[in-house]
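Report on one structure; see the data block that follows.
To find a chain, count down the sequence lines: A is the first, B the second, and so on, and within it residues start at 1.
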Amino acid sequence: MPEAEPLPPDAASHGGELVARRREKSAALAAAGIAPFGGRFSVDGSVADVRAAFAEGKTLRAAGRITAHRDMGKSHFLDLSDATGRIQVYVNAKGFDLEQMAAFGLLDLGDFLGVEGEGFVTRTGEWTIRAAKFTPLAKALRPLPEKWHGLADVEQRYRQRYLDLVSNEESRRVLLARPRIVRAIREFLEARGFVEVETPILQAVASGAAARPFTTHHNAYDSDLHLRIALELNLKRLLVGGIPKVFEMGRNFRNEGVSRRHNPEFTMLEAYWAYADFEMMADLVEEMICQLAMLVNGSLGIETRDAEGNVAKRLNLTRPWRRARYRDLIAAAAGDDWFTLDLAAQKERARALGVQISEAMEAHEVTQQLFEKLVEEKTLDPLYVTHLPKELVPLAKQNVEDPSLVDVYELIINGQEISPGYSELNDPDVQRARLLEQSGGETMALDEDFLLALEHGMPPAGGIGVGIDRLVMLLAGAESIRDVILFPHMKPKA
RNA sequence: GGGCUGGUAGCUCAACGGUAGAGCAGGAGACUUUUAAUCUCUUGGUUCUGGGUUCGAAUCCCAGCCGGCCCA
């Protein structure tokens, strides 16, 4: 590349020398009559499309970022990349005049470039476009992360996701798995007659789950509103309205902590199927997730990896998935006599088993804590936990034989709750009573308008929820929810 | 909220009380099929911020800011 003028001293002192040089090259391109930030450029599709169309002697048009430059003097090799792949471009000085080669010298790694030329195969077997023309398309005024190690700084990967996408293949793989999964879910449900709907995010009462909502204000009606925390109640209103199979996939918001498994906004699938029950819903989810696993991994085996990238666990999604009652799982973990013990004895037993128990906990909370630590966290392959205590699930129908239980499942895979499914409670009076009898730290808000809808008659139905972020984590092998969200919530920098 | 841990050149990382370095990127040069190209030379730093200890601080201490992991 060409001789550079000495930079003004202040440019270098800010650590801005790299930017200053690129700005100079951008200006030099403009001075030579070449727009450094170009416009329309006709291409044979994405880089992957160009590779698919590749043939020796065929004229190809491609565009992308310059991600490598191997300078041989009169011969240059460039890598042109986008998120779909990489293709090599060969530029031979013999094919261009001096002005053109001067312009070529003003290009930098990271710039967008369009090329046209014939395909050929180098003697090392690399598919290559022999550039007959090249067109600068956009100047990168700042350098990209290092070519070999990519961008490793976790914070910067999340705050400047575009740099992560440009430089980290693994991030592209995980983040692009998500839209494929979302699309496949829609296709799966639509093929079974489910209708997709969109319901309001701004709600007067945020209910359907026990969680703190975000609050905002609507000026026109001078009323406080909440961002939804669940989709459930509106979809049930649609069951009342006569739509027998309905689903929504959309964003929920919970004003709670941020962690490896929690983002304040997250995507939920909920589906409701009139005249079905929780077991039919379990079958549906089982089939759907297996299809998704085949789509993403081509297999029902899943390998989870630790921070070093080594295989940590192997999961097997082969059907049929195990189904077991909550009480039986507790008894197996804590002793057959568990449910005959009084509260004090249960607390003592739980602590002896290494489960942290606080004095304030009620009986079902002690049992639930024990369940989470000794069953849920230790479960790898899919497990449908069924027939939970009714206190845990106020929107589900009670079991006919044992009204202390509800007809529900909780799907657990790899120690995480992936999906709940219910036989939905459709008796308005029972529903009111169940919402009023909630106890413990977090309770669900009472939505009178929802109860009014139930009084008009809701068909018996099965319902499911699927946390899409966690499902994608599972299927794509991501360790953190932030790895499956393009722009995860971060604390603003001061 | 608590515990542990991290922040050094554009990027990836060293230096762990005694002159802040390397690789890549950048700059100059050589090279007409390279591919982490190679070879010679070379520029580049408010060591996150603010205090403190010390003859001397990237390093030790305190506070803060922003992350990561674990716990609640």
Write down the partner of [N] under the Watson-Crick or G-U wobble criteria, each distance required to be under 3.5 Å.
N      : answer
B:rC69 : B:rG3
B:rU49 : B:rA63
B:rG17 : none
B:rC39 : B:rG29

With [atom1] as the reference atom in both, quote the distance from [N] to [M] in angstrom, rounded to an integer.
N      : M      : atom1 : value
B:rG6  : B:rA14 : P     : 11 Å
B:rA22 : B:rU40 : P     : 15 Å
B:rC4  : B:rA63 : P     : 12 Å
B:rU38 : B:rC24 : P     : 7 Å
B:rG51 : B:rA58 : P     : 14 Å
B:rU54 : B:rC60 : C1'   : 10 Å
B:rC39 : B:rC31 : C1'   : 9 Å
B:rA9  : B:rU59 : P     : 15 Å

Discussion item. Restricting to non-hydrogen atoms, name the atom on A:Asp483 and the atom on A:Leu175 that form the minimum distance, rounded to 0.1 Å.
Written reply: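 Closest pair (atom of A:Asp483, atom of A:Leu175, distance): O-CD2, 3.3 Å.
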Spacing of [X] atom [atom1] relative to [N] atom [atom2], expressed in whole Å:
X        : N      : atom1 : atom2 : result
A:Asp111 : B:rA25 : CG    : C1'   : 13 Å
A:Lys147 : B:rU34 : NZ    : P     : 16 Å
A:His69  : B:rU38 : NE2   : P     : 13 Å
A:Ile66  : B:rG26 : CD1   : P     : 11 Å
A:Leu163 : B:rG10 : CG    : C1'   : 11 Å
A:Asp79  : B:rC24 : CG    : C1'   : 15 Å
A:Trp148 : B:rA22 : CH2   : P     : 23 Å
A:Met101 : B:rU32 : CE    : P     : 12 Å

Closest listed nucleotide, where the reference is the side chain of [X] and the choices are [options]:
X       : options                : value
A:Arg21 : B:rG10, B:rG27, B:rU12 : B:rG27
A:Lys25 : B:rA37, B:rG27, B:rG23 : B:rG27
A:Leu18 : B:rA37, B:rU33, B:rG26 : B:rG26
A:Asp71 : B:rC31, B:rU33, B:rU12 : B:rC31
A:Glu17 : B:rU43, B:rU12, B:rG10 : B:rU43

Measure from NZ or CZ of [X] to the centre of the six-membered ring of [Y], then state whether that distance is under 6.0 Å and the direction lies within 45° of the axis.
X        : Y        : result
A:Arg130 : A:Phe120 : yes
A:Arg254 : A:Phe266 : no
A:Arg323 : A:Tyr409 : no

Worksheet item: How many angstroms lie between CZ in A:Arg212 and CG in A:Asn255, if you round to the nearest 0.5 Å?
Response: 5.0 Å
Discussion item. I need the A:Glu410 CD to A:Tyr326 OH distance, nearest 0.5 Å.
Written reply: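 So the gap between those two atoms works out to 10.5 Å.
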Is the closest side-chain donor-acceptor distance between [X] and [Y] under 3.5 Å?
X        : Y        : value
A:Arg157 : A:Ser167 : no
A:Gln438 : A:Thr443 : no
A:Asp164 : A:Tyr158 : no

Worksheet item: For A:Ala68 and A:Phe77, take the nucleotide of RNA chain B holding the closest heavy atom to each; which residue's nucleotide lies nearer the 5' end?
Response: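 It is A:Phe77 whose nearest nucleotide is closer to the 5' end.
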Discussion item. Which is more 5' along RNA chain B, the nucleotide nearest A:Ala152 or the one nearest A:Thr122? Just name the residue.
Written reply: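 The 5'-side residue here is A:Ala152.
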Worksheet item: How about A:Phe134 and A:Phe104: are their ring centroids closer than 6.0 Å?
Response: yes
Item to complete: Give a yes/no answer on whether the side chain of A:Lys74 brings an N or O atom under 4.0 Å of OP1 or OP2 in B:rU34.
Response: no
Worksheet item: Are any of A:Arg70's side-chain N or O atoms less than 4.0 Å away from OP1 or OP2 of B:rU34?
Response: no
Discussion item. Tell me which residues in residues 87-97 of chain A lie within less than 4.0 Å of RNA chain B, going by non-hydrogen atoms.
Written reply: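 Close to the strand are A:Gln88, A:Tyr90, A:Asn92, A:Lys94.
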Worksheet item: Using a cut-off of 4.0 Å on non-hydrogen atoms, how would the nucleic acid contact of A:Gly150 be classed: base, sugar-phosphate, or nothing?
Response: sugar-phosphate
Collect all protein-nucleotide pairs involving nucleotides 67-72 of chain B in which both atoms are nitrogen or oxygen and the distance is under 3.5 Å.
unit_1, atom_1, unit_2, atom_2, d
B:rG67, OP1, A:Arg159, NH2, 3.0
B:rG67, OP1, A:Lys491, N, 2.6
B:rG67, OP1, A:Lys491, O, 3.1
B:rG67, O5', A:Arg159, NH2, 3.3
B:rG67, O4', A:Glu155, OE1, 3.3
B:rG68, OP1, A:Arg482, NH1, 2.1
B:rG68, OP2, A:Arg482, NH1, 3.3
B:rC70, OP1, A:Arg260, NE, 3.2
B:rC70, OP2, A:Arg260, NE, 3.1

Worksheet item: Would you find more than 12 non-hydrogen atoms of other residues, nucleotides or ligands less than 6.0 Å from A:Asp336 atom CG?
Response: no
Worksheet entry | Test applied, side chain to side chain donor-acceptor pair (under 3.5 Å); reference residue, A:Asp108; option that passes from A:Lys25, A:His69, A:Arg142, A:Arg21 | A:Lys25
